[in-house]
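Structure first, commentary second.
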Amino acid sequence: AGDDDASVELKKRARREADGCRKGIFFRDSVPAPAYKVKHLGENINQPFTDLSPIQRGADLYYGSLISDKVIEVNKKEKLASYSHIYKSVRDGKEWTKGVEISENVNTPNQHIGNPSFSQDGNTMYYTQCTQDDNLKMKCAIYKSSMANGVWEKGKALGTSVNDPLFSSTQPALGKNKDGEEVLYFASDRNAGKGFDIFYSKVNTDGSLGKARSAGPQINSKGDELSP
């Protein structure tokens, strides 16, 4: 690596990776073994394609899943493709029931749907809806649905305070700021030349969203930041 800007950034990335290795060694050797074991959830949830972004709502497990009997060739133009949707499984003793798609009010046909996240009372769900072109490139926006009489209502796209029509907004995650206010965190590629960054938007008392702001340089680098 030389002294040009690209090399300087590579050196920064190398230092971050080395710091991560040192932290991994520290936690491996210095922290007592956790009192839990990781267990595969089995074929009722996991299948040969992709299962991702699981989150619990009471006794229910919501997750994204791409279920298909068709081979998908990346970088090959295709008019027809399989789409990921949100599925739900219920805890039954020590096992999980067979995952089933939730309502088409959320799982819009011919769109990729995923990344569910819930309000504290469980009655509001934020999720991602993505369109896909013939090159399998996706453009995403964040939607919101409310639970009414046990059914998720028709999802609606969040306004331009969160969704920039020229870029992707994805992977919503609800949290709280230092003042205890509810905040929606998400990833977006709206900062040209920086890939995906983490943004946040305050959830107002009436359910509306404030103007999205970047999480700042302490978190966002020139690489991709995802999955807040």
Side-chain angles (χ1 to χ4, degrees), residues 45 49-68 79-91 96-133 136-176 181-190 199-212 226-228:
I45 292 176
F49 283 89
T50 300
D51 307 286
L52 71 163
S53 60
I55 187 168
Q56 236 177 304
R57 177 183 179 271
D60 300 336
L61 182 71
Y62 284 72
Y63 61 98
S65 190
L66 177 64
I67 296 178
S68 174
K79 286 292 184 184
L80 298 174
S82 300
Y83 295 91
S84 60
H85 279 169
I86 295 174
Y87 286 71
K88 183 180 79 171
S89 175
V90 181
R91 185 84 177 199
W96 293 93
T97 60
K98 183 74 173 176
V100 295
E101 278 196 56
I102 64 174
S103 168
E104 283 195 359
N105 286 340
V106 172
N107 282 327
T108 304
N110 300 323
Q111 300 276 302
H112 287 288
I113 313 294
N115 306 118
S117 184
F118 299 99
S119 59
Q120 194 163 12
D121 63 10
N123 291 326
T124 302
M125 176 171 59
Y126 295 87
Y127 62 95
T128 302
Q129 179 169 311
C130 305
T131 58
Q132 177 178 290
D133 65 19
L136 302 185
K137 291 187 180 298
M138 288 194 284
K139 185 177 178 184
C140 305
I142 297 173
Y143 281 63
K144 181 173 79 169
S145 174
S146 299
M147 176 70 79
N149 299 318
V151 177
W152 291 109
E153 294 182 328
K154 184 71 175 175
K156 296 180 180 179
L158 301 185
T160 54
S161 60
V162 171
N163 290 321
D164 187 316
L166 298 178
F167 300 97
S168 275
S169 299
T170 186
Q171 299 177 346
L174 284 167
K176 290 192 174 182
E181 299 167 319
E182 194 168 47
V183 174
L184 180 71
Y185 297 90
F186 63 98
S188 178
D189 60 351
R190 65 190 63 188
F199 289 79
Y200 66 94
S201 178
K202 179 182 170 183
V203 182
N204 299 316
T205 54
D206 63 356
S208 63
L209 278 295
K211 182 175 176 59
L226 296 163
S227 308

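Values below: every heavy atom of this structure, side chains too, minus hydrogens, waters and symmetry copies. All residue numbers refer to positions in the sequence shown, counting from 1. Since the structure is predicted, the reported quantities are computational estimates derived from the model, not experimental observations.
Going from atom CD1 of I67 over to atom OG of S84 covers 10.5 Å, rounded to the nearest 0.5 Å. Summarising the geometry, atom CE belonging to M138 is positioned 9.0 Å from atom OG1 belonging to T131; distances are rounded to the nearest 0.5 Å. If you take CG on N115 and OG on S53, they are separated by 4.5 Å, rounding to the nearest 0.5 Å. Between the CD atom of Q56 and the CZ atom of R91 there is a distance of 7.5 Å, given to the nearest 0.5 Å. Considering CD of Q129 and OG1 of T170, their distance stands at 11.5 Å, rounded to 0.5 Å. Interatomic distance, CG of L174 versus OG1 of T124, reported as 8.5 Å (0.5 Å rounding).
In terms of modelled atom types and a separation under 3.5 Å, the side chain of S168 and the main chain of C140 share a donor-acceptor contact. Distance alone, capped at 3.5 Å, is enough to place a donor-acceptor pair between the D121 side chain and the N123 backbone. Side chain of K139 to main chain of D133: no donor-acceptor pair is present (N/O by atom type, distance under 3.5 Å, no hydrogens or angles).
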Take L209 and V203 through the test side chain to side chain contact (heavy atoms under 4.5 Å, CB included) and record every step on the way to the result.
CA-CA 5 Å; L209 278 295; V203 182; 3.8 Å; yes

Using the side chain to side chain contact (heavy atoms under 4.5 Å, CB included) rule, take F186 and Q171 through it: C-alpha gap first, then chi angles, then the decisive distance, then the call.
CA-CA 5 Å; F186 63 98; Q171 299 177 346; 5.9 Å; no

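When all heavy atoms of S103 and W152 are compared, the closest pair comes out as OG-O, 4.2 Å. Between V106 and M125, the closest heavy-atom pair is CG2-CE, 3.8 Å. Residue D60 comes nearest to V90 through the heavy atom pair OD1-CG2, 3.4 Å, listed as atom of the first residue, atom of the second, then distance. In terms of heavy atoms, T128 sits closest to S169 at CG2-O, 4.2 Å. Between I55 and S117, the shortest heavy-atom contact is CD1-CA, 3.9 Å. Closest of all the heavy-atom pairs between E101 and H85 is OE1-ND1, 2.9 Å.
Shown here are the salt bridge (Lys or Arg N to Asp or Glu O under 4.0 Å) partners of E181, two or more places apart in sequence or in another chain: K202.
Between Y62 and F118, a ring centre-to-centre spacing shorter than 6.0 Å is recorded.
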